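First the structure, in the form of structure tokens, and then the observations on it.
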Number of protein chains: 2
Amino acid sequence: MTKRRYYTITELTAEFGITTRTLRFYEDEKLLNPERQARKRLYTPRDRTRLKLILRGKRLGFSLAEVREIIEMYDHAPGERGQLEKLQDRIAERQAELEQKQKDILETLEELNQVNSSVQQRLNELK
Amino acid sequence: MTKRRYYTITELTAEFGITTRTLRFYEDEKLLNPERQARKRLYTPRDRTRLKLILRGKRLGFSLAEVREIIEMYDHAPGERGQLEKLQDRIAERQAELEQKQKDILETLEELNQVNSSVQQRLNELK
DNA sequence: AACAATGTTGACGTTTACGTAAAATGCGTA
DNA sequence: TACGCATTTTACGTAAACGTCAACATTGTT
């Protein structure tokens, strides 16, 4: 029993709740790079991993362009000093963005809790 | 020195880094409801607060439709039992979403930290 | 009164991220 | 070999969220 090497397009749509159109679109956008068996797409574990990164990025409100930038950070080439320093800057920017989102989430959760409490109190009074 | 009561459209665009088009669009969408002095819009503190909620929602990747739903939760009418219970369900859904986003953020931050470390190591080697 | 600054209402245009339908292809099975 | 099913390419369509004019109105100076 050896490890699965490839995923078909429908397997991925089923696993992640997306359509084939979406997967082909991401490929057009060079975000995925499945191999071919005749004309059929065969997605590698690497494709699947990247897909997860894409969908996670989308959940966080990043555009595909932003997702692309983030993914490019993950597999950046070695590069020289100047490049590396710029990369660090861009990483710092994204981290700052994410931390802002964290704050936004905490605030929203807190507010929703307050609403929930007041609704609960109403319900108790109706009892 | 009494409290400011109104904001002009340009004051808000300046404060939040958005355009007048955006503010008018939100008004078309019934998300804002500025008063008028002749034809000019006068935004109340309440409008400003709602604008902050909208922009925060957008940062978190919510669509305007979703933002609207969330805002409606904030100022829901008293309502009867059935309504209140449905409201609680919807609140719970949003909370779950937000918690998923929190996880996504933590994962991404962690990965960016790893990338940053490896970049830093490269830089040290180049020294 | 003239003018610039600020704002207003249309209304068509644009980008992003896919949806959707048509026509052709390959492949396992009856 | 004929069929059904998954998949492919091609291409036009669409919803959301504004952008970008054009043309007119208001208001506070010079």
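Proteins get letters first, then strands, A, B, ... in listed order; numbering begins at 1 in each. None of the values given here were measured: they were computed from a predicted structure.
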In whole angstrom, give the distance that lies between atom [atom1] of [X] and atom [atom2] of [N].
X: B/Glu27; N: D/dA17; atom1: CD; atom2: C1'; answer: 16 Å
X: A/Lys40; N: D/dC5; atom1: NZ; atom2: C1'; answer: 8 Å
X: A/Lys58; N: D/dA16; atom1: NZ; atom2: C1'; answer: 12 Å

If you measure only the distance, is there a donor-acceptor pair under 3.5 Å linking the side chains of [X] and [Y]?
X: B/Thr22; Y: B/Thr19; result: yes
X: B/Gln114; Y: B/Glu110; result: yes
X: B/Tyr6; Y: B/Glu35; result: yes
X: A/Gln100; Y: A/Asp104; result: yes

Practice task
Give a yes or no on whether the backbone of B/Glu29 and the side-chain of B/Arg68 come within a donor-acceptor separation of less than 3.5 Å.
Solution key: yes
Handout entry: B/Lys101 NZ/CZ over B/Phe62 ring centroid, <6.0 Å and within 45° of normal
Key = yes
Practice task
Using the ring of B/Tyr7 (Phe, Tyr or Trp, six-membered ring only), decide whether B/Arg48 places NZ or CZ under 6.0 Å from its centre and within 45 degrees of its axis.
Solution key: yes
Completion exercise
Contact span of DNA chain C against chain B, any nucleotide atom under 4.0 Å from a heavy atom, 5' to 3', runs C/dT6 to C/dA11
Practice task
Let me know, please, whether B/Arg39 or B/Glu29 comes out on the 5' side of the other along DNA chain D by nearest nucleotide.
Solution key: B/Glu29
Completion exercise
So, with a heavy-atom separation below 4.0 Å from DNA chain C, the residues of residues 16-25 of chain B are B/Arg21, B/Arg24
Fill in the blank from the handout: Note: for A/Gln37 and B/Leu42 on DNA chain C, the residue whose nearest nucleotide lies more 5' is B/Leu42
Problem - Residue-phosphate contact under 4.0 Å: B/Tyr26 side-chain N/O, D/dC18 OP1/OP2 - result: yes
Practice task
Have a look at A/Leu32 and tell me which of A/Leu12, A/Ile54, A/Thr44 forms a side chain to side chain contact (heavy atoms under 4.5 Å, CB included) with it.
Solution key: A/Ile54
